[in-house]
Amino acid sequence: MANAPTKPTTPVKKESSSASGAFATLTIPICIAVAICIFIFILGHPSHYKGGDPENEPVDLFGTVHKGGIIVPIIMSYLLMVIVFSLERFVVIGKASGTGNVDTFVRKVQSALNAGNIDAANAECDKQKGSVANVIKSGLKKYREMEIEPNLDVDQKTLAIQKDIEEATALEMPMLEQNLTIIATLVSIGTLTGLLGTVIGMIKAFGALATSGAPNQAALSSSISEALINTALGIGTSAVSIVMYNVFTSKIDKLTYAIDETGFSIVQTFAASHKNR
């Protein structure tokens with residue numbers, strides 16, 4: 001007896017993986033370079049200091065942040081990375097969702113399946129497009145193939161459809177999770193880098209106390225300010241990273257659930273309509 005085929009009927013493009021990797025490779029150094037330029041030429045501009053001298057006290061927020069020291073541009077580059085990768089993920093996940101509302105699409109496909117109208121379900125996939133529609137269309141194509149397959153019984157055909165949907169999902173979904181690892185990593189290193197800046201600032205503060213006969217209030221306040229600025233930037237960057245990571249994982253889970261729900265409907269429809277054959 002023939003074995004159930006396991007290869008997905010719809011080929012999945014591989015270009016997206018290499019394109020995403022190239023995007024990340026370019027984005028990281030660009031964000032670092034932009035952050036350094038902002039730190040030097042914008043935050044460090046003399047207009048943000050009393051008398052136009054960066055050695056004096058800052059007169060606004062830009063100058064205050066610039067006083068945070070060399071750790072500041074590093075944390076700023078993290079924040080830029082979060083923003084850029086978040087925008088990129090919004091675009092990718094939006095394309096994967098397709099042209100219309102995913103929930104509406106799922107309901108239309110299920111309605112067509114319940115009516116036994118596979119062509120209508122295929123037409124909905126053609127209109128929706130995106131990763132979700134691609135996976136469902138792969139399952140529907142396998143559905144058609146199994147209807148005319150003479151060498152398998154109903155259970156084997158059902159299993160073949162289910163495996164095709166699962167494998168198509170396994171090939172499509174990883175594209176949505178690319179670069180999320182970078183955002184997740186920035187959650188941790190944002191806080192840690194901020195703490196590093198805090199430690200450096202406190203070392204300078206205590207060093208100013210130790211080397212002066214009397215407390216140097218200017219040096220002491222500058223060092224404490226450096227410590228607090230890095231802490232604030234690090235925590236803020238981590239907070240933004242956490243929010244964006246959770247937003248994207250929630251969107252991906254929603255798409256995965258939509259595929260699972262519709263795939264289950266395809267399998268059950270086939271099993272119900274062919275069980276007596």
I'd like to know if [Y] and [X] are part of one continuous hydrophobic network [Ile/Leu/Val/Met/Phe/Trp/Tyr, side-chain heavy atoms within less than 4.5 Å].
X: Tyr257; Y: Ile136; result: no
X: Leu196; Y: Ile32; result: yes
X: Val109; Y: Val102; result: yes
X: Ile75; Y: Ile189; result: yes
X: Ile40; Y: Ile229; result: yes

Strictly by modelled atom types, are [X] and [Y] linked by a side-chain donor-acceptor pair under 3.5 Å?
X: Glu124; Y: Gln128; result: no
X: Ser86; Y: Arg89; result: no
X: Ser138; Y: Asp164; result: yes

Can we say Glu166 and Lys163 salt-bridge, meaning some charged N sits less than 4.0 Å from an Asp/Glu carboxylate O?
-> no

Do Asp119 and Arg144 sit within salt-bridge range, that is, some charged N less than 4.0 Å from a carboxylate O?
-> yes

Verify the neighbour count for atom CZ of Phe23: are there more than 12 heavy atoms of other residues, nucleotides or ligands below 6.0 Å?
-> yes

Rounded to the nearest 0.5 Å, how far apart are [atom1] of [X] and [atom2] of [Y]?
X: Gln268; Y: Thr158; atom1: CD; atom2: OG1; value: 8.0 Å
X: Tyr78; Y: Leu186; atom1: OH; atom2: CG; value: 7.5 Å
X: Asn101; Y: Arg107; atom1: CG; atom2: CZ; value: 6.5 Å
X: Asp60; Y: His45; atom1: CG; atom2: NE2; value: 11.0 Å
X: Thr191; Y: Ile235; atom1: OG1; atom2: CD1; value: 6.5 Å
X: Glu149; Y: Leu152; atom1: CD; atom2: CG; value: 4.5 Å

Test Tyr49 against Val59 for side chain to side chain contact (heavy atoms under 4.5 Å, CB included), laying out the working first.
-> CA-CA 5 Å; Tyr49 292 89; Val59 296; 5.8 Å; no

Any donor-acceptor N/O pair, [X] side chain to [Y] backbone, under 3.5 Å:
X: Thr193; Y: Gly190; answer: no
X: Ser250; Y: Asn246; answer: no
X: Glu261; Y: Ala258; answer: no
X: Ser273; Y: Phe270; answer: yes
X: Lys157; Y: Met146; answer: yes
X: Asn56; Y: Lys50; answer: yes
X: Ser238; Y: Val187; answer: yes

Aromatic ring centroids of His66 and Phe39 under 6.0 Å?
-> yes

